[in-house]
Every structure is written in structure tokens, then in C-alpha cells.
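Dumping the structure here so I can ask a few things about it.
Source: prediction; values computed, not measured. The analysis underlying the following values was restricted to heavy atoms, covering all of them including side chains, and did not include hydrogens, waters or symmetry mates.
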Amino acid sequence: MNEKQCKSVVDEIFMEIFEQKCLLSLEEVLSEFAFDIKLPNKVIDAVTGVETWASSINSNKYITQENMEKYDEYKGWMRPKKEISSLDEIIKLWNKINYTTTERVYDSINVSKSDTIYNCENVYRSQDCRKSKNVIFTDGCGDSEYVIACQRSSNCSYCIRVDDSGSCSNSYNVICSAKISNSFFIQDSNSLHECMFCSHISNRRYCIANMQFEKEEYFAIKGQVIKWITSQFAQ
């Protein structure tokens, strides 16, 4: 997934949530929304010297999944048996073949700068994602699509900053909640539609700060909130 494709997905998500395109660059999207999310980091392939991306950076040597497989086909990773005289010798022998594999992508297409990706399509700078599509700056999502800066969540679509939640759509900044749609700033709640700044409530719509509003009142305030949110991004 190249940067142009990535920005197109970002714009589509913004249109669904805020009814306008994103005015930020990709680097600004990363800084604004994914500042606290664990993402793959740039490291160097010890075989080719080319940059690659790894979810773990506690290794001395890295090798891409592609290069690891090529080496296995060309030469193989097994070594001839030899006498071992000490534990130090074992460690030295192990270090010769102990590369940390990077950019582990399985049964997926159009994935870049990512690691541990399974059955996904269109993924950019993300890790630990499964059966998802159009995923950007995300750590740990499953069965989701069109998400930015989400963590440990599943069955979400058109969401930004959704953490530890499930079955959310067209929403921004949701924490530890489920069945949230068209909502902003929600925590520890369930089955909310068109709500904002709510916590610890369920089965509601048109609520703001846990207060019930009429539909017309709610949308008048929501328009102001969207202007406030998007003005923060433009600064």
C-alpha cells in the first residue's frame, strides 16, 4: 500500500466520520492519532542492508520474511553436525543463524511497512492485524475495515482511535465499548448511536455527556463539535 493509496483511505474515513477530507499529511495523521500506539519500527535487514519493518526491536539481526524464504530455498537453514565443547560455542553457533524475521505477512495483499499481518488487504504501518482491509497505523485489529490508529479491537469500520472495543462504526475516540455508531468520545458504554462525550451508559441515542437531547438539538451541537475537532487538526 503506497502513500497515495493510504491518503485516499484516510480521506474516505474522514468523510464518513467528519463529512470532510483530511487536511493532514500522513506524518501528521501519525502524530495526531497514533502517537501512543505500538507500531512496527524501521530496522535494517542484516543480509541485504535494506530497511525493513519489525514489531520487535529487541534483536541484533533482522531478515525479511521474503529473504528468509529465499535463503531457505537456495541454501537451507540446517547446518552440518559438529562437536560442541562449551555453552559459549553453542551461543556463537546460534548467533550465526539467529535472525529476527520482519515484515511477516501471510495470505495478504498490498501491505507495506507492517509486521504480523494475516489475511488482510491494503495495510500501512500496522501490526498484528487479521482478516481486515484498509488499515492504517493500527495495532491489533480483526475483521475490520477502514480504520486508523485503533488498538485491540474487532468488527469495526470507519473508525479512528478505537481501543479495546468491538462492533463500532463511523466513530472517533472510543474506549472499552461495543456496538457504538456515529459517535465521538465514548468510554465503557454499549449500544450507543449518535452520542458524544458519554461514559458508562447503554442503549441510548442523541446523548451528550450522559444527558438526553432531542434529535434536532443533538445535531445542532454535533455540528459545533465537528468544527471544534477538525479545527484542532488544522492547527
If the test is side-chain contact (heavy atoms from CB on, under 4.5 Å), which one of Ile136, Leu24, Ile160 qualifies with Val10?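 Testing Val10 for a side-chain contact (heavy atoms from CB on, under 4.5 Å) against Ile136, Leu24, Ile160 leaves exactly one candidate, Ile136.
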Test your reading of the model: is there a side-chain donor-acceptor pair from Ser114 to the backbone of Arg125, 3.5 Å cut-off?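 Yes, Ser114 side chain to Arg125 backbone: donor-acceptor pair under 3.5 Å.
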Main-chain N/O of Asn203 paired to Ser191 side chain as donor or acceptor, under 3.5 Å: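 Not at all, since once roles are kept as given, no pair shorter than 3.5 Å links the two residues.
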CG/Asn173 to CG/Asp163 distance, rounded to the nearest 0.5 angstrom?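 Asn173 atom CG to Asp163 atom CG measures 7.5 Å (nearest 0.5 Å).
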Counting distance only, does the side-chain N/O of Thr102 pair as donor-acceptor with the main-chain N or O of Ala54 below 3.5 Å?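 Flag not set: sc Thr102 to bb Ala54 has no pair under 3.5 Å.
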Clusters formed by hydrophobic residues whose side-chain heavy atoms approach within less than 4.5 Å: which one holds Val123, and what are its other members?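 The other cluster members (ILVMFWY side chains, heavy atoms under 4.5 Å, direct or chained) are Val105, Val111, Ile117, Val135, Val147.
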Take a 6.0 Å sphere around CG of Asn60 and say whether it holds more than 12 heavy atoms from other residues, nucleotides or ligands.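 Counting neighbours around CG of Asn60, 12 or fewer heavy atoms of other residues, nucleotides or ligands fall under 6.0 Å, so no.
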Can Lys131 and Asp143 be counted as an ion pair, charged N to O under 4.0 angstrom?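 So Lys131 does not pair with Asp143 through a salt bridge.
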Closest heavy-atom pair and its distance - Cys195, Cys198: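 Shortest heavy-atom contact: CB-SG, 4.2 Å.
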For the residue pair Arg130 / Ser154, report whether a side-chain donor-acceptor contact shorter than 3.5 Å exists.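 No, no side-chain donor-acceptor pair sits under 3.5 Å.
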Got a donor-acceptor contact below 3.5 angstrom from the Gln212 side chain to the Arg205 backbone?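 Pair found, side chain donor or acceptor close to backbone of Arg205.
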State whether a side-chain donor-acceptor pair under 3.5 Å links Glu103 with Thr52.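 Distance-only check passes for Glu103 and Thr52.
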Gap separating the CG atom of Asn67 from the OG1 atom of Thr48, nearest 0.5 angstrom: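 Going from the CG atom of Asn67 to the OG1 atom of Thr48 covers 5.0 Å.
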Going by an N to O cut-off under 4.0 Å, is there a salt bridge joining Lys70 and Glu66?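 Salt bridge present between Lys70 and Glu66.
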Backbone N or O of Val29 within a donor-acceptor pair of the Ser31 side chain at under 3.5 Å?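 Checking the backbone N and O of Val29 against the side chain of Ser31, no donor-acceptor pair under 3.5 Å is found.
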Quick one: OG on Ser25 to CD on Glu3, what's the gap to the nearest 0.5 Å?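 Separation between the atoms: 9.0 Å.
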Donor-acceptor pair, distance only, cut-off 3.5 Å: does the side chain of Thr101 make one with the backbone of Thr64?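 Judged by distance alone, no pair lies under 3.5 Å.
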Over 12 non-hydrogen atoms of neighbours within 6.0 angstrom of NZ in Lys61: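 Enclosed.
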Validation row: Ile44, Glu51 side chains within 4.5 angstrom (heavy atoms):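 Side chain of Ile44 against side chain of Glu51, heavy atoms only: contact under 4.5 Å found.
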Step by step, work out the side-chain contact (heavy atoms from CB on, under 4.5 Å) result for Met196 and Ile221. CA-CA 10 Å; Met196 300 182 292; Ile221 297 172; 4.3 Å; yes
What are the two closest non-hydrogen atoms of Ser177 and Cys168, and how far apart are they?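 That closest heavy-atom pairing would be O-SG, 4.3 Å.
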So do Ser55 and Asp128 actually touch side chain to side chain, heavy atoms under 4.5 Å?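 The answer is no; the side chains never approach within 4.5 Å.
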Hey, what do you get for CE (Met211) to CD (Glu217), rounding to the nearest 0.5 Å?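 It comes to 10.5 Å.
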Under 3.5 Å, is there a donor-acceptor pair between the side chain of Ser171 and the main chain of Ser183?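 Such a contact is found between Ser171 side chain and Ser183 backbone.
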Is atom CH2 of Trp94 surrounded by more than 12 heavy atoms (other residues, nucleotides or ligands) closer than 6.0 Å?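 Incorrect, the count does not exceed 12.
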Ser144 side chain to Gly142 main-chain N or O, any donor-acceptor pair under 3.5 Å?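 Yes, the answer is positive, given that a donor and an acceptor are paired below the 3.5 Å cut-off.
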Check: Cys129 and Thr138 side chains under 4.5 Å, non-hydrogen atoms: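 Heavy-atom side-chain distance check passes, below 4.5 Å.
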Inspect the contact between Asp36 and Lys38 and indicate whether a charged nitrogen and a carboxylate oxygen are less than 4.0 angstrom apart.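 Looking at Lys38 and Asp36, the cut-off is not met.
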Positive for side-chain contact (heavy atoms from CB on, under 4.5 Å) with Gln127, one of Ile37, Thr116, Asn41: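 Of Ile37, Thr116, Asn41, side-chain contact (heavy atoms from CB on, under 4.5 Å) with Gln127 is met by Thr116 alone.
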State yes or no: do Ile63 and Tyr74 share one hydrophobic cluster built from I, L, V, M, F, W and Y residues joined by side-chain heavy-atom distances below 4.5 Å, directly or via other members?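 No; Tyr74 is not reachable from Ile63 via cluster members.
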Point-to-point distance, once rounded to the nearest 0.5 Å, from SG of Cys150 to CZ of Phe33: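 Rounded to the nearest 0.5 Å, the SG-CZ separation comes to 11.0 Å.
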Close side-chain approach of Arg79 and Leu93, heavy atoms under 4.5 Å: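 No, their side chains stay 4.5 Å or more apart.
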When you look at Asp115 and Lys113, which way does the salt bridge (Lys or Arg N to Asp or Glu O under 4.0 Å) test go after all the steps? CA-CA 7 Å; Asp115 198 12; Lys113 299 183 179 181; over 6 Å; no
Leu26-Phe35 co-clustered via ILVMFWY side chain contacts under 4.5 Å: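 Leu26 does not cluster with Phe35.
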Please check this pair: side chain of Asn95 against backbone of Ile91, looking for a donor-acceptor N/O pair closer than 3.5 Å.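 Looks like yes, one N/O pair under 3.5 Å.
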For Ser189, is there any backbone N or O sitting under 3.5 Å from a side-chain donor or acceptor partner on Ser202?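 No; judged by distance alone, with no hydrogens or angles, the pair does not exist.
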Pair listing, ring-ring contact (aromatic ring centres under 6.0 Å, His included) test, anchored in residues 131-152, at least two apart: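 Matches after skipping sequence neighbours: Tyr124-Phe137, Tyr146-Tyr158.
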Do Ser167 and Asn155 come within less than 4.5 Å of each other through their side chains, counting heavy atoms only?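 Yes; the side chains approach each other to less than 4.5 Å.
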Within the 3.5 Å criterion, strictly below it, is a donor on Asn110 or Asn122 matched to an acceptor on the partner's side chain?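 Per modelled atom types, Asn110 and Asn122 side chains form a pair under 3.5 Å.
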Phe184 and Leu192: same hydrophobic cluster, using ILVMFWY side-chain contacts below 4.5 Å?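 No, separate clusters.
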Let's go through Gln151 and Asp139 carefully: what are the C-alpha distance in whole Å and the side-chain angles of both, what is the deciding distance for side-chain hydrogen bond (donor to acceptor under 3.5 Å, both in side chains) to 0.1 Å, and is it a yes or a no? CA-CA 5 Å; Gln151 302 181 89; Asp139 174 22; over 6 Å; no
Regarding Lys7 and Asp11, does a basic nitrogen lie under 4.0 Å from an acidic carboxylate oxygen?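 Salt bridge flag = yes for Asp11 with Lys7.
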If you measure from OG on Ser126 to CE on Met1, what distance do you get to the nearest 0.5 Å?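 Between Ser126 OG and Met1 CE, I get 9.0 Å after rounding to 0.5 Å.
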Is the distance between the ring centroids of Tyr62 and Tyr99 less than 6.0 Å?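 Centroid separation for Tyr62 and Tyr99: 6.0 Å or greater.
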Heavy-atom distance under 4.5 Å between the side chains of Ile229 and Tyr172, does that happen here?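 When only atoms from C-beta onward are counted, Tyr172 and Ile229 do touch, with a gap below 4.5 Å.
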Quick check: are there more than 12 heavy atoms from other residues, nucleotides or ligands sitting under 6.0 Å from CE of Met78?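 Count not over threshold, so no.
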Quick check: are there more than 12 heavy atoms from other residues, nucleotides or ligands sitting under 6.0 Å from CZ of Arg204?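 Result for CZ/Arg204: open.
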For residues Tyr218 and Phe213, establish whether the separation of their ring centroids is below 6.0 Å.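 Ring-ring flag for Tyr218/Phe213: false, centres at least 6.0 Å apart.
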If Ile, Leu, Val, Met, Phe, Trp and Tyr residues are connected whenever their side-chain heavy atoms lie under 4.5 Å apart, and connections chain through other members, are Ile180 and Ile226 in the same group?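 Looking at the clustering, Ile226 is in a separate group from Ile180.
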Hey, quick one: are Leu30 and Ile17 part of the same hydrophobic cluster, counting side-chain heavy atoms closer than 4.5 Å, chains of contacts allowed?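 Leu30 and Ile17: one cluster.
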Between Lys215 and Tyr206, is NZ or CZ placed under 6.0 angstrom from the six-membered ring centre and within 45° of the ring axis?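 No; the conditions do not both hold, so Lys215 does not lie above the ring face of Tyr206.
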Do Lys222 and Phe219 come close enough that some side-chain heavy atom pair is under 4.5 Å?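 They are in contact (side-chain heavy atoms under 4.5 Å apart), so the answer is yes.
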